[in-house]
Peer 1: 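Before I ask anything, let me first share the structure, which is written out below as structure tokens.
Chain A is the first sequence line, chain B the second, and so forth, proteins listed ahead of strands; every chain is numbered from 1.
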Amino acid sequence: MTEYTSLEKIRLQKLEELRAEGIEAYPTRARRTHMSTEAISEFESKEKNGVEIKTTLAGRLRASRSMGKVTFAHIEDGAGKIQLFVRANELGKERVDFFNKMLDLGDFIQAEGVMFRTKSGEVSLHVHDFSLLAKSISPLPAAKDETLEDGTVIRHAALEHPELRARQRYADLAVNPQVRETFRKRAAIVRSLQNFLDDQGFLEVETPILQPLYGGAAARPFTTHHNELEQDMYLRISFELYLKRLLVGNLEKVYEIGRDFRNEGVSFKHNPEFTQLEFYWAYADYFQVMELTEQMVSYVADKVLGTQKIKFKEHEIDLTPPWKRLEMRTGILETSGVDIAEHKTAEELFKAIKSEHPKQTPDPKATRGKLIDFLLSEFLEPTLIQPTFLYNYPRDISPLAKSIPGDPLTVERFEGYVAGFELCNAFTELNDPLDQEQRFIEMGRDYEADDEEKHPLDEDYLRAMRYGMPPNGGFGMGVDRLAMLLLNKHSIREVLLFPALRNEE
RNA sequence: GGGCGCGUAGCUCAAUGGUAGAGCAGCGGCCUUUUAAGCCGUUUGUUGAGGGUUCGAGCCCCUCCGCGCUCACCA
């Protein structure tokens with residue numbers, strides 16, 4: 001049974017009274033002729049001519065100030081807010097009382113009348129009739145807006161609790177317009193990415209989310225089971241192996257934007273399901289992918305924000321191409337003093353790190369690649385504020401990337417860093433089926449038999465590769481992270497409508 | 001999963017171990033151009049849950065739940 005608060009009980013009582021008077025609190029149909037902003041701008045453009053503008057508006061009651069026989073109220077619709085002027089002269093004392101007593105903040109109503117300007121100058125609707133469209137039983141988290149003389153709006157008692165905002169996103173959206181704006185912009189970001197790639201001749205495709213095997217990244221999967229097929233299945237951890245199968249099928253430029261699922265920890269930049277963009281581009285290498293990446297991200301910033309100069313936390317970031325290129329070896333050497341090229345085994349590299357930085361505690365059992373990753377995140381990453389392509393990665397943490405000709409320890413891979421965090425990851429893709437098989441086997445050896453990160457060998461993927469895969473450049477980017485970066489949001493939860501949360505109770 | 005912190009009215013927040021409060025919202029009034037409207041009056045609580053210490057616990061201790069920050073895994 002629902003437990004009602006005292007405030008809710010009062011509203012339920014009003015519902016009873018409405019019913020007793022034969023008034024439908026949830027009528028089937030509504031009427032609206034104008035959005036709030038349309039009504040205002042139409043009035044302003046015709047105000048001088050004295051043309052009467054009749055409108056019917058619909059929206060949510062957000063504020064109400066009764067002065068006895070006159071009430072000022074604001075309703076909010078999809079476009080903005082507009083003031084209603086409700087007066088006994090037109091409606092009679094009874095209807096004004098009804099407005100004041102039977103309507104509550106949060107109710108959806110419609111009101112028809114004529115546009116006018118109040119003494120204090122606000123364009124408003126002079127209401128001739130109104131009706132309830134949907135009763136609100138639970139009071140929305142109360143918030144009041146104060147508009148200062150300079151136009152700044154201050155929110156008082158706004159819903160701020162991060163848990164409530166995420167758990168009850170509907171209430172958050174209802175009372176915090178800037179949250180609605182965030183998600184409109186997020187949609188615009190995704191649309192711009194699609195437009196950009198479409199214009200470049202890429203084909204948008206959809207590949208299986210439910211997979212018999214998982215692969216393409218180092219992460220633990222979510223496992224599920226198909227009853228009729230009597231087999232376990234996995235939610236995908238990346239799109240890579242399926243998209244590259246399409247290159248075998250002569251689709252030369254493909255991309256997918258969709259959900260990945262990784263059974264890992266949750267943090268300000270990790271959600272168990274997140275939106276990923278991956279594209280694969282036949283006959284391109286990682287340098288070409290770099291150029292396309294900087295063009296794509298700056299294009300999106302331009303379309304969504306109208307500028308390539310963005311703010312993130314205390315940083316001013318310029319996304320205008322070209323972005324800085326920094327070889328990983330050089331970057332690590334400059335920031336940590338360790339030259340990874342001088343230490344070709346894990347043991348040597350470990351000693352070098354310890355002698356250069358006695359206080360640091362890298363994992364003594366780590367592979368050479370993992371040690372390099374340690375140096376990267378500990379020393380180099382925090383310095384990469386302006387957009388930077390960090391390129392040439394150790395082979396053993398990049399099992400799907402192609403080696404640099406003449407350098408068997410290094411692969412043609414880059415990651416794009418902005419504001420100190422990793423935005424994207426790309427490489428010249430490995431297209432040699434025999435080498436790929438070796439890599440899979442090598443990678444399997446790095447893990448204990450029961451290691452959850454140990455990945456199954458995808459025989460079908462190797463079968464596809466054996467038909468022949470064109471040389472190609474591949475790319476992956478967390479779309480949520482791009483949204484965080486462009487919208488200056490410092491937690492992934494701010495750019496996810498319904499982030500993963502533990503069950504209540 | 002580890003460490004640190006937080007949880008008080010519908011919302012935002014107070015309250016030395018000593019009667020649980022304020023503003024807004026709500027409810028009852030007054031008010032025909034207000035806009036965080038104003039004025040008078042007034043209600044609202046299992047202080048996240050459970051246990052313990054104490055004459056007495058919102059406050060101290062323990063367990064649990066949820067969230068935040070952070071570390072690890074990862075993108």
Peer 1: Taking the side chain of A:Thr118 as heavy atoms from C-beta outward, which of B:G26, B:U32, B:U35 is closest to it?
Peer 2: B:U35
Peer 1: For the side chain of A:Ala217, starting at C-beta, report the closest nucleotide among B:U32, B:U35, B:A75.
Peer 2: B:A75
Peer 1: OP1 or OP2 of B:G66 versus the side-chain N and O atoms of A:Arg167: is any pair under 4.0 Å?
Peer 2: no
Peer 1: For a quick check of understanding: with a heavy-atom distance under 4.0 Å over all strands, which category does A:Phe421 fall into, base, sugar-phosphate or nothing?
Peer 2: nothing
Peer 1: Looking only at side-chain atoms of A:Arg65, point me to the closest of B:C67, B:A37, B:C31.
Peer 2: B:A37
Peer 1: Base, sugar-phosphate, or nothing for A:Gln276, non-hydrogen atoms under 4.0 angstrom?
Peer 2: nothing
Peer 1: For the side chain of A:Arg262, counting heavy atoms from C-beta on, which of B:A75, B:U33, B:C73 is nearest?
Peer 2: B:A75
Peer 1: With the side chain of A:Phe268 defined as its heavy atoms from C-beta on, choose the nearest nucleotide among B:G29, B:U70, B:G26.
Peer 2: B:U70
Peer 1: When you measure from the side chain of A:Phe85, which nucleotide among B:C27, B:C73, B:U33 comes out closest?
Peer 2: B:U33
Peer 1: The side chain of A:Met67 lies closest to which of these nucleotides: B:U33, B:U12, B:U35?
Peer 2: B:U33
Peer 1: Over how many whole Å does the gap from A:Leu84 atom CG to B:U33 atom P extend?
Peer 2: 17 Å
Peer 1: So which one's nearest nucleotide on RNA chain B is more toward 5', A:Arg117 or A:Asn425?
Peer 2: A:Arg117
Peer 1: Respond yes when some side-chain nitrogen or oxygen of A:Lys14 is under 4.0 Å from OP1 or OP2 of B:C27, and no when none is.
Peer 2: yes
Peer 1: Would you mind telling me which of B:C27, B:A25, B:C67 lies closest to the side-chain atoms of A:Asp104?
Peer 2: B:C27
Peer 1: Check the distance between B:G7's P and A:His161's NE2 and give it to me in whole angstrom.
Peer 2: 9 Å
Peer 1: Between the side chains of A:Asn392 and A:Glu327, does any donor sit under 3.5 Å from an acceptor?
Peer 2: yes
Peer 1: Check the geometry between A:Phe72 and B:A37 and answer yes if their rings are stacked (centres below 5.5 Å, planes below 30°), otherwise no.
Peer 2: no
Peer 1: Within 45° of the axis and under 6.0 Å from the centre of the six-membered ring of A:Phe98, does NZ or CZ of A:Arg95 qualify?
Peer 2: yes
Peer 1: Roughly, in whole Å, what's the span from CD1 in A:Ile137 to C1' in B:G26?
Peer 2: 16 Å
Peer 1: Between B:U33, B:U34, B:C73, which one does the side chain of A:Phe116 approach most closely?
Peer 2: B:U33
Peer 1: Taking CZ from A:Arg502 and P from B:A49, how many angstroms apart are they, rounded to a whole number?
Peer 2: 20 Å
Peer 1: Between the side chains of A:Asp77 and A:Ser36, does any donor sit under 3.5 Å from an acceptor?
Peer 2: yes
Peer 1: Figure out the CG/C1' separation between A:Asp97 and B:G29, and round it to whole Å.
Peer 2: 12 Å
Peer 1: Among the nucleotides B:U35, B:A25, B:C73, which one has an atom lying closest to any side-chain atom of A:Ser120?
Peer 2: B:U35
